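Notes follow the structure.
These numbers come from a predicted model, not from an experiment. Throughout, a chain's letter reflects where its sequence line sits, starting with A, and its residues are numbered from 1.
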Amino acid sequence: MDSAVDGPRQPPARAGSRLCTRCGERKAALKRPKTLEQICRECFYVVFEDEIHQTIVDNNLFKPGDRVAIGASGGKDSTVLAYVLSELNRRHKYCLDLFLLSVDEGITGYRDDSLETVKRNEIQYGLPLKIVSYKDFYGWTMDDIVKAIGLKNNCTFCGVFRRQALDRGAALLKVDKIVTGHNADDIAETVLLNILRGDIARLSRCTFITTGEDGPIPRCKPFKYTYEKEIVIYPYYAISHIMYAYFKKLDYFSTECIYSPNAYRGFAREFIKDLERMRPRAILDIIKSGENFRISTTTRMPEQGTCERCGYISSQKLCKACVLLDGLNRGLPKLGIGRTKGIAGGDGDCEQQATRSERNRSSLQGKHGNFDF
Amino acid sequence: MHLTLEFGGGLELLLEKSTKVHKVDLQPNDGDGKVVMKGLLAWVKSNLIKERPEMFLKGDSVRPGVLVLINDCDWELCGGLDAELEEKDVVVFISTLHGG
């Protein structure tokens with residue numbers, strides 16, 4: 001069909017079509033949400049990649065020789081991240097050893113399909129791929145877990161397990177850093193969610209471009225300032241760009257998880273998108289607000305330690321993954337979920353603490369939780 | 001008017017057999033022989049969308065987070081809902097709302 005033709009399709013002349021504000025030569029093809037500039041696709045490529053390079057340089061995200069795992073789900077963000085990062089690595093000589101790291105949650109008809117995408121990326125970008133699974137690490141697939149606990153709270157298990165699985169996989173790869181494809185829209189959404197949930201510890205952390213620097217493997221987000229709109233349009237425009245041959249198989253996976261309605265996050269997401277339509281800068285401004293929150297010195301922040309059982313970083317005696325796993329294995333899957341305090345496994349669920357009587361206390365639930373921040 | 005419509009980023013799942021590309025023939029119905037985006041959206045809703053139209057439309061426009069390209073050009077630069085379509089135009093809808 002048409003899009004397979006190399007070179008831009010010639011659009012008919014339209015009233016009001018303008019020239020690119022950067023080169024002044026070609027027809028503008030995109031209104032950048034960040035700057036409202038109207039630019040052509042060639043200039044878009046240049047600024048899109050340059051801005052990410054600049055973010056990497058300005059924030060010292062990598063050191064020469066670093067081994068870096070790209071958290072790869074097969075979705076749009078991580079697929080574009082894997083491509084752009086391997087390009088920039090070559091072009092700007094970062095001297096990074098890049099790896100693709102995927103977590104197989106064991107969701108039939110969802111993850112098995114998206115992993116096929118990641119396997120194609122492995123070949124296309126020439127990056128070694130490591131797949132780790134819930135089954136191997138925990139003895140349970142998400143399919144098993146949903147069978148045991150139903151469709152309520154299953155996202156809690158998945159979020160906690162995924163975060164830890166990514167860390168464990170990264171340790172197996174002996175990498176120095178993990179990068180994830182979280183974009184500006186995701187981060188703005190998470191700032192709002194953390195406010196809505198009164199989660200002070202995460203609120204202060206979720207806008208950091210690098211987290212876990214005190215832990216074994218820091219994580220960073222090179223797309224922190226990159227709008228989702230541009231990430232989505234990037235591979236699409238590539239179809240008729242010179243990178244056509246390279247990109248024609250950049251078919252990212254875009255099916256919603258079959259187990260995840262995740263309604264609360266969905267509302268926040270839709271709200272962000274509504275704001276963006278009215279004022280695209282809102283996304284960067286929310287991030288800025290998140291960055292500038294100062295937590296009062298009287299707010300007690302939880303202390304970090306390690307899980308007594310598995311050694312994973314935790315602010316409680318047992319890490320959240322171990323508490324949840326305990327519940328599953330003992331047939332008490334509600335353990336570690338909900339608002340009851342003090343069931344076996346200890347004061348495991350920190351999520352409740354912030355909302356309870358100790359108003360100005362907050363706990364570091366962020367080591368685990370539903371969201372990868 | 002012959003148009004090519006493409007649906008991506010998960011929107012194709014709302015259509016019959018999850019078909020991504022649709023070659024359609026639209027009859028302009030507003031007397032002056034024009035088809036504008038607003039009319040196209042209404043047509044898509046009643047002729048192509050099989051389920052969950054709220055994933056595609058909100059009010060009389062696309063749902064925020066759905067990207068629209070007319071001949072590879074951001075529809076925000078072409079007049080949005082009032083953009084006039086022409087014979088053999090290619091209109092692409094991509095959802096950004098699915099997971100990354």
Using the side-chain contact (heavy atoms from CB on, under 4.5 Å) rule, take B:Leu77 and A:Lys27 through it: C-alpha gap first, then chi angles, then the decisive distance, then the call.
-> CA-CA 10 Å; B:Leu77 298 181; A:Lys27 226 189 98 171; over 6 Å; no
Are A:Glu270 and B:Arg63 close enough that some pair of their side-chain heavy atoms sits under 4.5 Å apart?
-> yes
Using a 4.5 Å cut-off on heavy atoms from C-beta on, say whether the side chain of B:Val66 contacts that of A:Lys273.
-> no
Within the distance-only criterion (no hydrogens, no angle test), does the side chain of B:Asp74 pair as donor or acceptor with the backbone N or O of A:Ala29 below 3.5 angstrom?
-> no
Measure across A:Ala28 and B:Cys73 and return the closest heavy-atom pair with its distance rounded to 0.1 Å.
-> O-SG, 3.7 Å
Find out whether B:Ile94 and A:Ile233 are in side-chain contact, i.e. whether some heavy atom of one side chain is under 4.5 Å from a heavy atom of the other.
-> no
Considering all heavy atoms, the nearest B:Thr96-A:Arg269 contact = O-NH2, 3.8 Å
OG-NZ distance between B:Ser95 and A:Lys76, expressed to the nearest 0.5 angstrom = 8.5 Å
Side chain to side chain contact (heavy atoms under 4.5 Å, CB included) with A:Glu51: which residues, sequence neighbours excluded?
-> A:Arg32, A:Lys34
Counting heavy atoms not belonging to B:Lys38, are there more than 12 under 6.0 Å from its NZ?
-> no
Identify which part of A:Glu276 has an atom lying under 4.5 Å from any heavy atom of chain B, answering side chain, backbone, both or neither.
-> neither
Do A:Lys229 and B:Glu76 meet the salt-bridge criterion of a basic N to acidic O distance under 4.0 Å?
-> yes
